[in-house]
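What follows is a set of notes on a single structure, which appears directly below.
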Amino acid sequence: MSLQTNLLGRLRNTDLPKSHALSPVFETVVNSIHALEERGNLTTTGQIILKIKRLEQRQFEEAGLSSTEITGFSVEDNGIGFNNKNMQSFQTLDSDHKIDKGCRGVGRLLWLKAFGHIKINSVFEEDQNSLKSRTIGFDAKNGVRLLQENNSDNTELKTFVELQEFDKKYREAAPKTIDSIARALLEHCLWYFVRPEGVPTIKVKDANEVIDLNDLYNAYMHESAYSESIKIKNFDFDLIHIKFRASSSKKHGLSLCAASRLVKEESISGKIPGLHGKLSDENGEFIYNCYVSSSYLDDRVRPERTSFNLSEDFNIDDIFSGSEINLKELRHQILERSKLYLADFLHENLQAAINRIDQFVSEKAPRYRPIISHICENDLAIDPNISDKDLEIHLHKHLAEVERNMLEQGHQIMANFDNDFDDYEEKLNQYLKIAEDLKKSDLANYVSHRRVIIDLLEKSIQRTETGKYAREDLIHGLIMPMRKDSNDVLMDKYNLWLVDERLAFHNYLASDKTLNAMPITGANSTKEPDICALNVCDNPILVSEKPSLPLASITVIEIKRPMRNDAKPGEEKDPIEQSLGYLNKIRKGQVTTANGRPIPNSEDIPGYCYVICDLTQTMVDRCEFHNLTITSDHMGYFGYHKNYKAYIEVISFDKLVNAAKERNRAFFDKLGLPTN
């Protein structure tokens, strides 16, 4: 009993992605190549013409369209034509008529996925003495219809396939220009151009414009293709290594073919160390592509020829079959051959990658220098044009990997300790070497962070293009985030070392908080010092039966806007009086640590007051009024206030920047960092 075929049902189950919108057109061209092969005139008189059909000027203007829309295509060839044998095959879905060429008898379904109607006019040879012509219609509703058949007066074999009523979904996704369509057709049929049997004349026409694919191929190719065969699990795979001229729009790619057609194409940029951007040899720049064909791929291509029935990675079925090849394994084996083929051309890119990393690490991220030797060479073969952001992310990922491996190695050393001391010592030394490099990386990161902060501070105190200076809150934020305390902010987020290195060590730090909000004091004042720090420590040197009293200091920092020139007597306008006032209010409160532990003799706690400002005339007047001494470089004032038991230092912004640079210059020079 024969089974009936539901054409509409088959169409619903046939997949054609929008990215393959022109596949039905290109398959028509491939069918024409087969027709020429069957007739035997492939490279002698064989000719194929692909015409692009568009709306006329008047039609698209009436439709309100901005340019000529593609409505369909026609393919003309002088191959064997729709003789009785080919006609019978065309009327049979899943025909095995040309199965030896990889044809599965379903290509015509792709026509109906993208086009509403197909019309075929074919002149073929019925016998040696006469020619016949057939006109065939094909659509989803009526299937294949023989519209006309009679004797032909033509003297040449000709077949015209018209693909009409281009579906909007595919029309919008398809290339629009004759150049892009011709290039896509060449890539789809490239195997025919590089194979020994040769290729017929193939032309693409768009109104009066014509592109000969043989000319395009010659312009496209950098040099002759190189072919080789490899074995993967006892299956033969043919590889064609091709260099395209760099003027082409292609990227380095891997193209998997089946039945002499391009099926799956993917970018391989970055998948081979150094394969980034354009490569070059003595003939100029080129883009690399590898075309792969095999009977293994022919047997596993899906009917629509848009993908393969292959798993991406290893699965349980591979254990039992023992001969299945997944895409990951296939890709790996092919790329190893590509790597060998390109070895001489990748050297320049690899050197450029090394130079890019070296420059970035030297100038912007020295923290990564100690761990570079622990990163795999392939992982250092980055794109030389990578952005600083992406390079930072790339290196940080490997830094985390080095740290993870170090921790894992440390646990293994301790867990597997045995009597083989020499082996243990060797592993331990390896572990300590990695740990040492990571600590160097942390130190480099800390020092480079300081350089950035100094540069930002120097920039923020300069006058802007509008003639104004930065507000004090911008500078404040560089030194310490506002409205925070040391319970809210990580240590590496504040930069009190800009003022005094000793301020890097403290028990409690508050920024821009009212006195009554600080746990270090019981004062009920709502005054807000810019920055207040409390330092508590036990004396570690003196040893006595009696517990040594804790020592403490209170530091108050006031920051003013650059070039501010309105200092006046009184706590509201004099920043020196302001900071002394804060200090006094803290001493009068019941001072405790952040953990609530009492600090005895609070009124005698040493005080340090820092005022960060520019030495404008009014500020100089206030410094002289408080009997402060000018520094030798004339960039600040200092002194001791006996009544407040406080050391006072007024630091100009320029002195703050210069002093921070000088204190850190040795570290910057050691890491090769510029100071601005």
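Here, residue 1 is the first one in the sequence, and each next residue gets the next number.
Annotation: Y217 is in aromatic contact with F193 [ring centroid separation under 6.0 Å].
F237 is not listed as a side-chain neighbour of K231, based on a closest heavy-atom distance of 4.5 Å or more. Between I118 and Q164 there is no side-chain heavy-atom pair separated by less than 4.5 Å. Contact annotation: the side chain of D179 approaches that of R183 to within less than 4.5 Å [non-hydrogen atoms, C-beta and beyond]. Within the 4.5 Å cutoff, no side-chain heavy atoms of L22 are placed close to those of Y170. Here the side chains of H276 and P384 are in contact, with some heavy-atom distance below 4.5 Å. Residues I181 and V25 are not in side-chain contact: their nearest non-hydrogen atoms beyond the backbone lie 4.5 Å or more apart. N289 has its side chain out of reach of K251: every pair of non-hydrogen atoms, C-beta onward, lies at least 4.5 Å apart. Residues L256 and L327 are in side-chain contact: their nearest non-hydrogen atoms beyond the backbone lie under 4.5 Å apart.
In plain terms, the two heavy atoms of L36 and Q47 that are nearest each other are CD1-N, 4.0 Å. Shortest non-hydrogen contact noted between P24 and L16 is CG-CD2, 3.8 Å. Nearest approach of A140 to L11, heavy atoms of both residues: CB-CD1, 3.6 Å. Residues L346 and P273 approach most closely at CD1-O, 3.5 Å, considering heavy atoms. Of all heavy-atom pairs spanning A258 and F308, the tightest one is CB-CE2, 3.9 Å. Shown here for A225 and I242, the closest heavy-atom pair between the two residues is CB-CG1, 3.9 Å.
When only modelled atom types and interatomic distance are considered, S294 and D238 share no side-chain donor-acceptor pair under 3.5 Å. With 3.5 Å as the limit, one finds a donor-acceptor pair spanning the side chains of Y220 and E187. Checking Q351 against N355 by side-chain atom types alone, a donor-acceptor pair falls below 3.5 Å. For R245 and N283, the side-chain atoms include no donor-acceptor pair closer than 3.5 Å. Side chains of Y296 and E324: a donor on one and an acceptor on the other come within 3.5 Å. Side chains of N31 and T28: no donor on one and acceptor on the other come within 3.5 Å. The closest side-chain donor-acceptor pair between S307 and R302 falls under 3.5 angstrom.
Side-chain atoms of S295 do not come within 3.5 Å of backbone N or O of D298 as any donor-acceptor pair. K176 places a side-chain N or O within 3.5 Å of a backbone atom of A174 that can act as its donor or acceptor partner. At least one donor-acceptor pair under 3.5 Å links the side chain of R39 to the backbone N or O of N78. Using a distance-only test at 3.5 Å, with no hydrogens or angles considered, no donor-acceptor pair links the side chain of D167 to the main chain of A114.
Between Y226 and Y341, the ring planes are parallel. Angles under 30° get that label, and only those over 60° would be called perpendicular. Ring planes of F345 and F286: perpendicular class, angle over 60° (limits at 30 and 60°). Ring orientation note: the planes of H241 and Y288 are close to parallel, at an angle under 30° on the 30°/60° scale.
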| task | Under the salt bridge (charged side-chain N to carboxylate O under 4.0 Å, His left out) rule, what do E312 and R331 come out as? Steps first, then yes or no, please. | result | CA-CA 10 Å; E312 175 61 32; R331 192 182 296 118; 3.1 Å; yes

| side-chain contact (heavy atoms from CB on, under 4.5 Å) assessment of H394 paired with H398 | CA-CA 7 Å; H394 179 77; H398 290 291; 3.4 Å; yes

| request: Step by step, work out the side-chain contact (heavy atoms from CB on, under 4.5 Å) result for K243 and M221. | output: CA-CA 6 Å; K243 298 178 185 177; M221 295 294 289; over 6 Å; no

| query | Where do H34 and V30 land on the side-chain contact (heavy atoms from CB on, under 4.5 Å) test, with the steps shown first? | reply | CA-CA 6 Å; H34 293 164; V30 172; 3.7 Å; yes

| request: Quick one: do L380 and I354 satisfy side-chain contact (heavy atoms from CB on, under 4.5 Å)? Show the steps, please. | output: CA-CA 7 Å; L380 294 176; I354 293 172; 6.0 Å; no

| query | Going through the checks in order, is the salt bridge (charged side-chain N to carboxylate O under 4.0 Å, His left out) test met by K113 and D15? | reply | CA-CA 8 Å; K113 292 293 290 188; D15 180 46; over 6 Å; no

| task | Report the C-alpha separation of F138 and F90 in whole Å, then their side-chain angles, then the decisive distance to 0.1 Å, and conclude whether the ring-ring contact (aromatic ring centres under 6.0 Å, His included) test is met. | result | CA-CA 10 Å; F138 182 41; F90 184 71; 5.5 Å; yes

| request: Any chance you could lay out the salt bridge (charged side-chain N to carboxylate O under 4.0 Å, His left out) test for K233 and E329, step after step, and finish with the verdict? | output: CA-CA 10 Å; K233 289 187 176 179; E329 181 182 9; 3.5 Å; yes

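Enclosure of atom CD in E197 by more than 12 non-hydrogen atoms of other residues, nucleotides or ligands within 6.0 angstrom is indicated. At most 12 heavy atoms of other shown residues, nucleotides or ligands fall within 6.0 angstrom of atom CD in E348. Atom CG of N142 has more than 12 neighbouring heavy atoms from other residues, nucleotides or ligands inside a 6.0 Å radius. Other residues, nucleotides and ligands contribute only 12 or fewer heavy atoms inside 6.0 Å of the NZ atom of K141.
Here the straight-line distance linking atom CD of E162 with atom CG of N121 works out to 6.5 Å at 0.5 Å rounding. Taken to the nearest 0.5 Å, the CD1 atom of I33 stands 4.5 Å off from the CD1 atom of I48. A distance of 6.0 Å separates CD1 of I357 from CG of L391, quoted to the nearest 0.5 Å. In this structure, CG in N83 is found 10.5 Å from CD in Q88, a value given to the nearest 0.5 Å. Atom CG of L185 and atom CD1 of I202 lie 6.0 Å apart (nearest 0.5 Å). To the nearest 0.5 Å, the span separating OG on S229 from CG on D236 amounts to 6.5 Å.
Sorted by first and then second residue, the pairs that involve residues 200-220 and meet salt bridge (charged side-chain N to carboxylate O under 4.0 Å, His left out), not counting sequence neighbours, are R54-D206.
Tested against L335 for a side-chain contact (heavy atoms from CB on, under 4.5 Å), the candidates I268, L342, L340, L330 yield a single pass: I268. Applying side-chain hydrogen bond (donor to acceptor under 3.5 Å, both in side chains) to S122 and the options D77, T159, N86 leaves one that passes, T159.
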